[in-house]
Amino acid sequence: MALTGRSALLAALGAIPIGILAPNWSGVLAVNAPLTLAILCDYALAAPVRKLRFTRSGDTSVRLGDGAEIELTVTNPTGRPLRAQLRDAWPPSSWPTGTEQTASRHKLTVPAGERRRLTTRLRPTRRGDRHSERITVRSYGPLGLAARQGSHRVPWTVRVLPPFTSRKHLPSKLARLRELDGRTSVLTRGEGTEFDSLRDYVPGDDTRSIDWRATARQNTVAVRTWRPERDRHILIVLDTGRTSAGRVGDVPRLDASMDATLLLAALASRAGDRVDLLAYDRRIRAQAQGRTGGDVLPALVNALAPLEPALVETDARGLSATALANAPRGSLIVLLTGLDAAPIEEGILPVLTQLTKRHTVLVASVADPRVEQMASGRGTVDAVYEAAAGTQAQEQRRRTAEKLTRHNVTVVDATPDELAPALADAYLALKAAGRL
């Protein structure tokens, strides 16, 4: 039986989705037929949401701390104009805290049969892949009294790359590399295995570099100079076990190690060396191999971007075996790990001989600047206790570093801001000494 009067009015109101009317309006509408009719007409004239079409374009990668722009094209194929509020939802870490509300919401009007383009600006606060979530559209009628609402999924992924803040040190390290290569007038006395030229002896030169045949043919003592070798293999191994999750200052240790990795890779690739990457804890978490020249840095950045610490104890024997399997004899193995006594003594030292027998090994670790501040504190009872704890921690790291040094391992222990340039300097020192 057909409904009439008030029953018909309430039935019509029941067809309007919950949430599109202001609170407590239902009772008002039930006794106000003209207003009800206006709202029903407004709802009927609102553009349908389900028929809208969406496409995305824009950035697919961005460095941490920079902004990315994602363009969303909204096409209205219906015969009604679209007056809408739109929310382009992304994970919370896609913006700084408190800015999501304004960055993800848009107002737009799309005439019938036309399209409009919106821009969502992201500024991610964490590394990794950020996947778009639902697009929610609320389509209003011409009077703005009622609206239709619906959601669409339009997939898009933005990869947030490591920031590589240490790239500011690259020009000075490249200048030092050019000195080692003899491209400037500065003379270096490194002992490589690639002969460069002869020059006159200077007090302090290694007597083993004297070329006696050349000396016999002239009135001065001649010494051989060497050019650092190229095309050497460098394997950078990142320990992604539980110790890498600890925060030092504002960043995890793993992020500081990544920054040092990128500076070393950029420098070594410019030196003509081959650089591979291995991230490991109990299994391989990331790997980049076989890239040369300008492809090295993009490959490493892309491999490091989604990498996160694993809250497990690193399998040192598995790490050593994997490194040996991926490094040809005579490589430089750079291990970025912690200098805590227990993991080193129980995990690294027992397998270290296998690595140093075939390769040159460099261990780099992130030091906590807070420990140094504690060690220098005085003035109060609490400060004295903190100073004792800080001094003990420093002494423990020093003893651990000495144990590694006795195994012919080069050790770099520096704060997050200093680790990258210190590691680059250690690499250049090995080049200058002819050990690489």
Side-chain angles (χ1 to χ4, degrees), residues 15-22 39-163 298-299 301-303 305-306:
I16 302 178
I18 297 174
I20 65 170
L21 298 175
I39 291 177
L40 291 176
C41 292
D42 201 43
Y43 176 77
L45 293 175
V49 174
R50 292 183 179 180
K51 294 183 179 180
L52 300 177
R53 296 198 297 267
F54 301 87
T55 57
R56 288 192 187 273
S57 60
D59 296 328
T60 56
S61 64
V62 61
R63 289 197 181 279
L64 183 63
D66 293 342
E69 293 189 350
I70 312 301
E71 294 182 344
L72 178 67
T73 301
V74 183
T75 303
N76 178 15
T78 70
R80 305 171 197 166
L82 173 67
R83 307 169 188 86
Q85 289 184 346
L86 180 146
R87 179 174 183 255
D88 187 5
W90 290 76
S93 59
S94 301
W95 298 278
T97 303
T99 63
E100 187 270 343
Q101 293 290 331
T102 56
S104 65
R105 286 167 167 75
H106 308 271
K107 290 185 178 180
L108 75 158
T109 301
V110 185
E114 296 188 16
R115 67 183 65 181
R116 291 292 185 270
R117 182 174 296 174
L118 304 173
T119 300
T120 300
R121 293 175 174 83
L122 309 182
R123 188 170 290 275
T125 58
R126 292 182 57 188
R127 285 184 298 99
D129 292 336
R130 297 291 170 269
H131 303 283
S132 63
E133 298 181 2
R134 291 184 177 183
I135 297 171
T136 302
V137 181
R138 181 171 291 178
S139 172
Y140 290 91
L143 300 178
L145 299 175
R148 304 170 185 264
Q149 181 168 308
S151 298
H152 294 258
R153 288 193 177 274
V154 186
W156 194 262
T157 300
V158 176
R159 172 155 288 191
V160 186
L161 308 174
V301 167
N302 196 53

For this session: Just grab all the salt bridge (Lys or Arg N to Asp or Glu O under 4.0 Å) pairs involving residues 43-58, residues at least two apart or on different chains.
Result: R56-D88
Exercise. With sequence neighbours left out, what residues match A103 under side chain to side chain contact (heavy atoms under 4.5 Å, CB included)?
Worked result: W95
Exercise. Hey, are T136 and S151 close enough side-chain-wise for a donor-acceptor pair under 3.5 Å?
Worked result: yes
For this session: Check A47 against S139 and note the closest heavy-atom contact, atom names and distance.
Result: O-OG, 2.8 Å
Problem set entry | ring-ring contact (aromatic ring centres under 6.0 Å, His included) partners of residues 104-130, not counting sequence neighbours, each pair once | none
Problem set entry | All side-chain hydrogen bond (donor to acceptor under 3.5 Å, both in side chains) counterparts of T75, not counting sequence neighbours | none
Problem set entry | Partner residues of R159 under the salt bridge (Lys or Arg N to Asp or Glu O under 4.0 Å) criterion, sequence neighbours left out | D129
Problem set entry | R121: partners by salt bridge (Lys or Arg N to Asp or Glu O under 4.0 Å), with sequence neighbours left out | E69
Problem set entry | Which residues share a salt bridge (Lys or Arg N to Asp or Glu O under 4.0 Å) with R116, sequence neighbours left out | E114
For this session: Applying side-chain hydrogen bond (donor to acceptor under 3.5 Å, both in side chains), name anything that partners S132, two or more places apart in sequence or on another chain.
Result: none
Problem set entry | Test side-chain hydrogen bond (donor to acceptor under 3.5 Å, both in side chains) applied to R105 - qualifying residues, sequence neighbours left out | Q101
Exercise. In chain order, what residues pass the salt bridge (Lys or Arg N to Asp or Glu O under 4.0 Å) check against R123, with sequence neighbours excluded?
Worked result: none
Problem set entry | Residues in ring-ring contact (aromatic ring centres under 6.0 Å, His included) contact with H131, at least two apart in sequence or another chain | none
Seminar exercise, completed: ring-ring contact (aromatic ring centres under 6.0 Å, His included) filter on Y140, not counting sequence neighbours, yields none
